[in-house]
Amino acid sequence: MGAFAGPSLTRGRKLDGAWSTSFGAHAQLSTPMQLIDAQAAYLRNDATGTLRSGQDLSIAQDTFSFGFGLHPFFLSYLRSSFWWNLLGSNYLYVGADIDRLSATVEGKEISELDLGLQVGWGLDIPLDDFNDGGAFWLGVQYRYNQYEFETQPIRALDVRQHLFFVRLSYRRNGLLRAF
């Protein structure tokens, strides 16, 4: 379990870029040697920007996502040193999301749901010895998310997001077991 926060860039063909802050929480399960991670997350983002037509736009976004991290260098964990563990902790992220979007433009409020895909990259490193049963981990993650509005006056407004996170989590070692 953990939390994350960081800057996000929201832009589109009809939308000038706008920086905002995103934050959220995540839960993660990993296979032995972190070959694959399953990640579920909630994300909140409030962005403001200007449409190329000159109108101000604000977007409130709640995102629920479920994805997988694939560690292509997982065999480097066998070397058991900091640098090899750092290499092994790199992962490619791919996931599905549902965005609950609320936008305000020209004094008109719009609410929509959007299903989509997210792709990205991440890296997590332990802050203490994880061999003693559990540890705090510090990570960075990048995600790319895209959605489109279907309601006037911003119909067909495609939005592309670049999300950058710093993640802090606690991981407990061991197999899942019923309590």
Side-chain angles (χ1 to χ4, degrees), residues 1-11 17-47 59-101 114-147 159-179:
M1 302 295 285
F4 57 87
S8 300
L9 177 61
T10 303
R11 31 183 338 171
W19 285 97
S20 59
T21 302
S22 297
F23 61 90
H26 71 275
Q28 179 173 323
L29 291 173
S30 298
T31 63
M33 291 185 60
Q34 287 188 314
L35 174 60
I36 297 175
D37 302 323
Q39 300 179 22
Y42 164 77
L43 160 76
R44 174 68 184 191
N45 182 299
D46 292 302
I59 303 170
Q61 172 187 4
D62 292 295
T63 300
F64 298 93
S65 64
F66 182 77
F68 295 96
L70 176 63
H71 294 255
F73 306 113
F74 75 97
L75 287 176
S76 67
Y77 285 122
L78 296 174
R79 297 294 299 246
S80 193
S81 74
F82 174 78
W83 296 108
W84 287 104
N85 287 343
L86 186 65
L87 178 63
S89 70
N90 280 275
Y91 61 89
L92 302 172
Y93 176 84
V94 63
D97 68 15
I98 183 166
D99 297 303
R100 187 180 66 81
L101 305 165
D114 184 79
L115 298 173
L117 296 175
Q118 293 184 354
V119 294
W121 165 87
L123 168 79
D124 294 316
I125 56 172
L127 296 177
D128 61 3
D129 184 11
F130 56 86
N131 291 318
D132 63 1
F136 283 97
W137 291 64
L138 183 65
V140 293
Q141 188 178 65
Y142 165 78
R143 289 188 189 186
Y144 175 80
N145 186 23
Q146 187 171 341
Y147 55 87
V159 177
R160 295 180 291 278
Q161 273 186 315
H162 300 276
L163 306 155
F164 304 91
F165 302 128
V166 173
R167 298 169 17 129
L168 180 64
S169 58
Y170 182 79
R171 296 186 191 176
R172 188 172 117 337
N173 296 343
L175 300 174
L176 288 176
R177 53 184 170 207
F179 291 95

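All values below were derived from every heavy atom in this structure, side-chain atoms included, with hydrogens, water molecules and symmetry-related copies excluded.
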What is the ring orientation for His162 with Tyr142, classed by angle as parallel under 30°, tilted 30 to 60°, or perpendicular over 60°? parallel

Supply the atom-to-atom distance Tyr93 OH to Phe68 CZ, rounded to the nearest 0.5 angstrom. 9.5 Å

About how many Å separate CG of Leu117 and OH of Tyr144, when rounded to the nearest 0.5 Å? 11.0 Å

Side chains of Asp62 and Arg44 in contact at under 4.5 Å (non-hydrogen atoms): yes

Of all the heavy-atom pairs spanning Phe66 and Ala38, show the shortest one and how long it is. CZ-CB, 4.1 Å

Taking C-beta and beyond as the side chain, do Leu168 and Leu127 meet within less than 4.5 Å on heavy atoms? yes

A side-chain contact here means heavy atoms from C-beta on lying under 4.5 Å apart; do Thr63 and Tyr147 qualify? no

4.5 Å side-chain heavy-atom contact, Asn145 and Asp99: yes

Atom pair CD1/CG of Ile59 and Asp46 - distance to nearest 0.5 Å: 10.0 Å

State, yes or no, whether a side-chain contact exists between Tyr91 and Leu70 at a heavy-atom distance under 4.5 Å. no

Heavy-atom count check: over 12 atoms from other residues, nucleotides or ligands less than 6.0 Å from Arg171 CZ? yes

How long is the straight-line distance from OG of Ser8 back to CG of Leu43, given to the nearest 0.5 Å? 6.5 Å

Considering all heavy atoms of both residues, which atom of Asp37 and which atom of His71 are nearest to each other, and what is their separation? OD2-NE2, 2.6 Å

Go through it in stages, so that I can follow the logic: the residues are Asn45 and Ser20, the test is side-chain hydrogen bond (donor to acceptor under 3.5 Å, both in side chains), and I'd like the CA-CA distance, side-chain angles, deciding distance and then a yes or no. CA-CA 7 Å; Asn45 182 299; Ser20 59; 3.2 Å; yes

Rounded to the nearest 0.5 Å, what separation is found between the CG atom of Leu75 and the CH2 atom of Trp84? 10.5 Å

Might you point out which heavy atoms bring Phe4 and Tyr42 nearest each other, and give the distance in Å? CZ-O, 3.4 Å

Any non-hydrogen side-chain atom of Gln39 less than 4.5 Å from a side-chain atom of Gln141? yes

Heavy-atom pair of closest approach, residues Phe73 and Asn90: CD1-CB, 4.4 Å

Please confirm whether Arg143 makes a cation-pi placement over Phe165, using NZ or CZ under 6.0 Å from the six-membered ring centre and within 45° of the ring normal. no

pair Trp121-Val140: side-chain heavy atoms closer than 4.5 Å: yes

Say you draw a straight line from OG of Ser89 to CD1 of Ile125; how long is it, rounded to the nearest 0.5 Å? 7.0 Å

Grab the two heavy atoms, one from Ala27 and one from Met1, that are nearest each other, plus how far apart they are. CB-SD, 3.6 Å

Evaluate the side-chain proximity of Gln61 to Thr10: yes if any heavy-atom separation is below 4.5 Å, no if none is. no

